[in-house]
Amino acid sequence: MGVEVAVEGLTKTFGSQNIWSDVTFTLPVGEVSALLGPSGTGKSVFLKSLIGLIRPERGSIVIDGTDILQCTQRELYEVRKMFGVLFQDGALFGSMDLYDNVAFPLREHTKKSESEVRQIVMEKMELVGLLGAENKLPGEISGGMRKRAGLARSLVLNPEILLCDEPDSGLDPVRTAYLSQLILDINAQIDCTVLIVTHNINMARTVPDNLGMLFRKHLVMFGPREVLLTSDEPVVGQFLNGRRLGPIGMSEEKDEATMAAEAAMAEAGHSDGSPDEDVRGVIPQIRPTPGMPVRQGELRRRERVRNLMDDLPEPARRAILDELREYEASQQAS
Ligand SMILES: Nc1ncnc2c1ncn2[C@@H]1O[C@H](COP(=O)(O)OP(=O)(O)OP(=O)(O)O)[C@@H](O)[C@H]1O
């Protein structure tokens, strides 16, 4: 089962550049969460902080009871073993074939025999649909296959926390849809806590249980998916709809004068090429493939959110109640 990751008051600066301040949120056990945010808002820095590769100056990151900003190197080493990380480019070793790439963490961190290694590697290769490609080099396969190989490698140590840094980058929409399904299927099978960093709106709308967004050096919000998907915060609406009109500019953030000038141009009928439709709103979450175990994270979340209900904004509450009603009806029918 996955573990809880509780982040409190986290602040990171590089020299005089503040990346983000006072970031506080908890990744619930075994649930899938996603972090959105314009380019350069420090999402990758955040992921690296979680695995102890970057050290924020203030705050705490408590993973299964250990604050990794206070613990010893030995404790950090133990905590790191709980993580599986899918890096943007798969981060495969170019000179090793896929089999050796996927086997690498097992040979490095365990004393398993080669036959045990083989059994695990082949099981994970099958899980990500790469059986038969074991002897290929990373340079000989497509970007989508490299991602899946990276995912297989991130799973061999049975992670309790799976971090995925822009899993959709470089993939076409169809391959992204397959990968989204795969992430939820993996969550159903191993009940790990998942954090995805993504720009992909479709993935953000259909995969996670919880959604957060970094903007202007702060976490704008983090909570059940329904909260962000029904939010009327201008930055959320602009991001989800991929519009130019709004507070996010080319270099992250616009000043008031630019926003006013753009709004006046739009009023005057100038089209900035943004789509007319508003994609905000809650659409169904992807379900595990039939035959997969029930997602324990989903069951836990249903109880957790039920208890949060009174503190949520009305549109989110309505969306959650609709989902609960549908779920209860489906339970009675089966
Ligand atoms: N090791 C480092 N030293 C100094 N600055 C860094 C370092 N790592 C990242 N940064 C800076 O931190 C900021 C945030 O970078 P980061 O890659 O985390 O953004 P991001 O939100 O993941 O962006 P994208 O969506 O484009 O991948 C950038 O300005 C980057 O230059």
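All ligand and atom numbering here is 1-based and tracks the order in the structure. Just so it is clear, the model here is predicted, and its values are computed rather than measured.
- Nearest protein heavy-atom contact of atom 28 (C) of ligand 1 is Q17 NE2, 4.3 Å.
- Judged by distance alone, the side chains of R146 and N101 never bring a donor and an acceptor atom under 3.5 Å apart.
- More than 12 heavy atoms of other residues, nucleotides or ligands lie within 6.0 Å of CD in Q189, so this atom counts as buried by the packing criterion.
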Audit row: E328, R306, salt bridge (Lys or Arg N to Asp or Glu O under 4.0 Å) steps and yes/no: CA-CA 13 Å; E328 275 154 20; R306 224 187 270 270; 3.3 Å; yes

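- The shortest N/O to N/O separation between G40 and ligand 1 falls below 3.5 Å.
- Those atoms of ligand 1 that come under 4.0 Å of a heavy atom in K43, given as number and element, are 18 (O), 19 (O), 20 (P), 21 (O), 22 (O), 23 (O), 24 (P), 25 (O).
- Surrounding CD of E8 are at most 12 heavy atoms belonging to other residues, nucleotides or ligands under 6.0 Å away.
- Only the side chain of I19 comes within 4.0 Å of ligand 1, judged by heavy-atom distances.
- Annotation: cation-pi geometry not satisfied between K48 and F46 (NZ/CZ under 6.0 angstrom from ring centroid, within 45° of ring axis).
- Shortest contact from atom 17 (O) of ligand 1 to any protein heavy atom: S44 CB, 3.7 Å.
- Protein heavy atom closest to atom 4 (C) of ligand 1, with residue, atom name and distance, is F14 CG, 3.3 Å.
- Interface of T41 with ligand 1, defined as ligand atoms under 4.0 Å from a residue heavy atom, comprises 19 (O), 21 (O).
- Comparing S39, P38, G37, G15 against atom 26 (O) of ligand 1, the shortest heavy-atom distance belongs to S39.
- Distances from atom 30 (C) of ligand 1 to the protein include no heavy-atom value under 4.0 Å.
- For atom 20 (P) of ligand 1, the protein comes within 4.0 Å by at least one heavy atom.
- Between Y99 and F104, the distance separating the two ring centers is not shorter than 6.0 angstrom.
- Residue contacts with ligand 1 include E166, since one or more of its heavy atoms lies under 4.0 Å from the ligand.
- Taken together through direct or relayed side-chain contacts under 4.5 Å among Ile, Leu, Val, Met, Phe, Trp and Tyr, V29 and I63 form parts of separate hydrophobic clusters.
- Less than 4.0 angstrom separates some heavy atom of H199 from each of these atoms of ligand 1: 25 (O).
- V45 CG2, 3.5 Å is the protein heavy atom nearest to atom 9 (C) of ligand 1.
- Between E226 and R317 there is no salt bridge, since none of the side-chain N atoms of the basic residue sits less than 4.0 Å from a carboxylate O of the acidic one.
- Taking a 4.0 Å cut-off on heavy atoms, G42 registers as neighbouring ligand 1.
- Remark: R302 qualifies as a cation-pi partner of Y327 under the 6.0 Å distance and 45° angle criteria applied to the six-membered ring.
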